[in-house]
Amino acid sequence: MKPKTLFSLSMLLTILSVNTVSAQEFQPGKNKITFKSGGLALAGHLYLPSGFDKNKKYPAVIFDGPQTGLKDQVAGLYAQKIAEAGYITLAYDHRFYGESEGMPRQFEAPSKKVEDNNSAMDYITSLAFVDKDKVGGIGICAGGGLMAKTVAENNRYKIFIGIAAYYNDSTKYKNWFGGADGLKKMIANAATARKKFETTGEVDYMPAVWSDANERKAAMSAMEATNEPFAYYGTKRGYSPYYINRMAVQSYEDMLQFDVIASTPLIIAPSLIIHGKTDLYCSPSGAEKFYEKLTTTKDFFWIETTNHIDLYDQEQYVSQAINKAVSWMNKYLPLNN
């Protein structure tokens with residue numbers, strides 16, 4: 001009988017733990033939350049609108065941000081502002097990043113990030129005050145392509161919005177990195193780094209950004225003299241106490257074979273593309289190509305920007321994106337009156 005008693009106690013502790021989480025007292029504004037993905041605990045911020053009433057049902061939006069980005073950077077800014085318009089929003093740290101679990105750290109793994117977005121959907125639809133039939137996804141920069149891929153594979157996402165997004169196209173990589181042979185070499189080097197980690201636990205890293213615009217060894221190296229990647233992540237503009245300026249070399253094995261464009265025709269959710277007319281990092285032509293391949297209900301909104309990171313945090317550009325997104329969501333992901 002003793003083993004049975006211990007088992008019952010274990011079950012009781014589990015139940016109490018679950019109830020403690022589910023009974024969290026949510027408040028308007030930012031709430032710290034955690035949820036599981038791939039057996040790992042992911043940390044997030046759930047934003048609730050002013051006047052939040054736990055007895056009502058709200059539409060919700062899950063955010064995915066730029067490469068190496070965290071929940072308290074670009075994704076968090078957009079999540080906060082759209083919550084102010086009446087929506088429930090969630091920004092979180094993907095596995096391997098920020099306050100979330102996972103090794104190696106700073107491992108950019110698109111396929112794993114898509115899994116995390118699916119887990120975020122599991123989490124947010126478990127909340128009693130979220131309307132399960134009104135949950136959408138918004139992605140900014142690299143997160144735009146990741147969220148597009150997620151929405152293509154998960155029809156629980158009812159809308160998609162891409163903002164200044166990069167829509168990964170594996171066919172385009174063949175013309176980069178010195179052609180097909182250069183591409184194969186980069187993928188092979190990444191595979192070697194992965195095997196090293198799996199065998200020894202040691203991780204090969206490269207800087208995410210670099211202060212010198214002429215230095216090419218950073219994962220997000222400059223494409224112009226003003227060095228936009230460093231201008232955001234390397235300065236107080238993008239400061240986060242959890243941000244670490246590096247990326248695991250093994251990331252390229254997944255990144256360079258990840259393809260969003262190929263799955264674009266599978267997206268059935270209404271989609272809105274918001275893009276800056278001036279953007280050296282996530283090209284306007286790439287956004288147009290993605291838009292052309294969409295076969296669902298769709299809309300395109302251009303913003304007169306001066307660069308890519310205008311749409312990260314600059315009020316005059318972010319406000320345009322937010323206003324367009326909210327007015328469009330009011331049609332396809334309407335607030336409950």
Query raised in the report: Which atom names give the shortest non-hydrogen contact between Met103 and Phe197, and what distance separates them?
Result: C-CZ, 4.0 Å

Query raised in the report: Should the pair Lys158-Asp133 be classified as a salt bridge under the 4.0 Å nitrogen-to-oxygen rule?
Result: no

Report task. Report yes or no: do Asn307 and Asp279 form a side-chain donor-acceptor pair below 3.5 Å? Result -> no

Query raised in the report: Ignoring hydrogens and geometry, is there a side-chain-to-backbone donor-acceptor pair from Gln257 to Glu253 under 3.5 Å?
Result: yes

Report summary line: When every non-hydrogen atom of Thr295 is compared with those of Pro265, the smallest separation belongs to OG1-O, 3.4 Å

Query raised in the report: Can you find a heavy atom in the side chain of Pro66 that is under 4.5 Å from one in the side chain of Tyr166?
Result: no

**Report entry** Close side-chain approach of Ile124 to Leu127, heavy-atom, < 4.5 Å
**Finding:** yes

**Report entry** In one Ile/Leu/Val/Met/Phe/Trp/Tyr side-chain cluster, 4.5 Å: Trp328, Phe301
**Finding:** yes

Report task. Spell out, as yes or no, whether a donor-acceptor pair under 3.5 Å connects the side chain of Ser251 to the backbone of Met247. Result -> no

Report task. Applying side-chain contact (heavy atoms from CB on, under 4.5 Å), run through Tyr243 and Gln73 and close with a yes or a no. Result -> CA-CA 9 Å; Tyr243 187 80; Gln73 295 175 318; 3.7 Å; yes

Query raised in the report: Does the cation-pi check pass for Arg246 over Tyr205, that is, NZ or CZ under 6.0 Å from the six-membered ring centre and within 45° of its axis?
Result: yes

Query raised in the report: Quick one: CG on Asp72 to NE2 on His45, what's the gap to the nearest 0.5 Å?
Result: 6.5 Å

Report task. Please say whether the positively charged group of Lys289, taken as NZ for Lys or CZ for Arg, lies over the ring of Tyr167, i.e. under 6.0 angstrom from the six-membered ring centre and within 45 degrees of the axis. Result -> no

Query raised in the report: Would Tyr242 end up clustered with Met220 when hydrophobic side chains under 4.5 Å apart are linked, directly or stepwise?
Result: yes

Report task. With side chain to side chain donor-acceptor pair (under 3.5 Å) as the test, would you mind laying out the steps for Thr150 and Asn117 before giving the verdict? Result -> CA-CA 7 Å; Thr150 305; Asn117 284 339; 3.1 Å; yes

Query raised in the report: In terms of side-chain geometry, is the basic nitrogen of Lys324 or Asp299 positioned less than 4.0 Å from the acidic oxygen of its partner?
Result: yes

Query raised in the report: Can Phe300 and Ile274 be said to form a side-chain contact (heavy atoms from CB on, under 4.5 Å), step by step?
Result: CA-CA 6 Å; Phe300 203 120; Ile274 299 174; over 6 Å; no

Query - Ser271 and Tyr291 side chains, donor-acceptor separation under 3.5 Å - result: no

Query raised in the report: Counting N and O atoms only, with roles assigned by atom type, does the side chain of Thr199 sit under 3.5 Å from a partner on the main chain of Lys196, one being a donor and the other an acceptor?
Result: no

Report summary line: Taken to the nearest 0.5 Å, the spacing of Ile159 CD1 from Thr297 OG1 works out to 12.5 Å

Query raised in the report: Are the side chain of Gln314 and the backbone N or O of Gln316 linked by a donor-acceptor pair below 3.5 Å?
Result: no

Query raised in the report: For residues Thr305 and Asp310, is any side-chain donor paired with an opposing acceptor at under 3.5 Å?
Result: no

Query raised in the report: Got Ser37 and Lys112 here, is their nearest side-chain heavy-atom distance under 4.5 Å?
Result: no

Requested in this report: In sequence, state the C-alpha distance, the side-chain angles, and the governing distance for His275 and Phe290, and then conclude on side-chain contact (heavy atoms from CB on, under 4.5 Å).
Outcome: CA-CA 12 Å; His275 214 86; Phe290 176 81; over 6 Å; no

Query - Val114 vs Met147 side-chain heavy atoms within contact, under 4.5 Å - result: no

Query raised in the report: If we ignore angles and hydrogens, is there a donor and acceptor under 3.5 Å between the side chains of Lys149 and Asn168?
Result: no

Query raised in the report: Donor-acceptor pair, Ser283 side chain versus Gly286 backbone, under 3.5 Å?
Result: yes

Report task. Report the C-alpha distance between Glu224 and Tyr281 in whole Å, list the side-chain angles of each, state the deciding distance to 0.1 Å, and finish with yes or no for side chain to side chain donor-acceptor pair (under 3.5 Å). Result -> CA-CA 10 Å; Glu224 32 59 68; Tyr281 291 84; 2.3 Å; yes

Report summary line: CZ (Phe160) and CG (Leu272) are apart, to the nearest 0.5 Å, by 9.0 Å

Query raised in the report: Which pair of heavy atoms, one from Ala325 and one from Ile161, lies closest together, and at what distance?
Result: CB-CD1, 3.9 Å

Report task. Please check if the side chain of Asp93 supplies one atom and the backbone of Lys71 the other of a donor-acceptor pair under 3.5 Å. Result -> yes

Requested in this report: Identify the residue among Tyr47, Phe26, Phe129, Tyr87 that makes a ring pair (Phe, Tyr, Trp, His ring centres under 6.0 Å) with Phe52.
Outcome: Phe129

Query raised in the report: Mind checking whether Tyr312 and Val318 have side chains closer than 4.5 Å, heavy atoms only?
Result: no

Report task. Go through the steps for Gln250 and Lys195 under the test side-chain contact (heavy atoms from CB on, under 4.5 Å), then give the verdict. Result -> CA-CA 9 Å; Gln250 67 192 76; Lys195 293 173 183 175; over 6 Å; no

Requested in this report: Could you grab the distance from atom OG1 of Thr34 to atom CG of Leu40, nearest 0.5 Å is fine?
Outcome: 12.0 Å

Query - Closest non-hydrogen atom pair between Thr89 and Ala83, with its separation - result: OG1-CB, 3.6 Å

Query raised in the report: Does Tyr92 have its ring centroid less than 6.0 Å away from the ring centroid of Phe35?
Result: yes

**Report entry** Glu101 side chain vs Ala41 backbone, donor-acceptor pair below 3.5 Å
**Finding:** yes

Query raised in the report: Considering all heavy atoms of both residues, which atom of Pro28 and which atom of Pro49 are nearest to each other, and what is their separation?
Result: CB-O, 3.5 Å

Query raised in the report: Atom CD1 of Ile322 and atom CG of Leu77: how far apart are they, to the nearest 0.5 Å?
Result: 7.0 Å

Report task. Keeping the roles fixed (side chain from Asn336, backbone from Lys57), state whether a donor-acceptor pair exists under 3.5 Å. Result -> yes

Requested in this report: Give a yes or no on whether Ile187 and Met255 share a hydrophobic cluster (residues Ile, Leu, Val, Met, Phe, Trp, Tyr; joining criterion: side-chain heavy atoms under 4.5 Å apart).
Outcome: yes

Query raised in the report: Between the side chain of Ser221 and the main-chain N/O of Lys217, is any donor-acceptor distance below 3.5 Å?
Result: no

Report summary line: Rounded to the nearest 0.5 angstrom, the CD1-CD1 distance for Ile62 and Ile88 is 12.0 Å

Report summary line: Here the pair of heavy atoms bringing Ala60 nearest to Val130 is CB-CG1, 3.9 Å

Query - Main-chain N/O of Asn189 paired to Arg194 side chain as donor or acceptor, under 3.5 Å - result: no

Query - Matching residue for Tyr97 among Lys113, Glu108, Arg105 - test: side-chain hydrogen bond (donor to acceptor under 3.5 Å, both in side chains) - result: Glu108

Query raised in the report: Would Glu228 and Arg237 pass as an ion pair if we require N to O under 4.0 Å?
Result: no

Query raised in the report: Side-chain contact, heavy-atom cut-off 4.5 Å: Leu42 with Glu99?
Result: no

Query raised in the report: If we only count heavy atoms from C-beta on, is the Leu90 to Val61 side-chain gap below 4.5 Å?
Result: no

Query raised in the report: Do Leu335 and Tyr58 have side-chain heavy atoms sitting under 4.5 Å apart?
Result: no

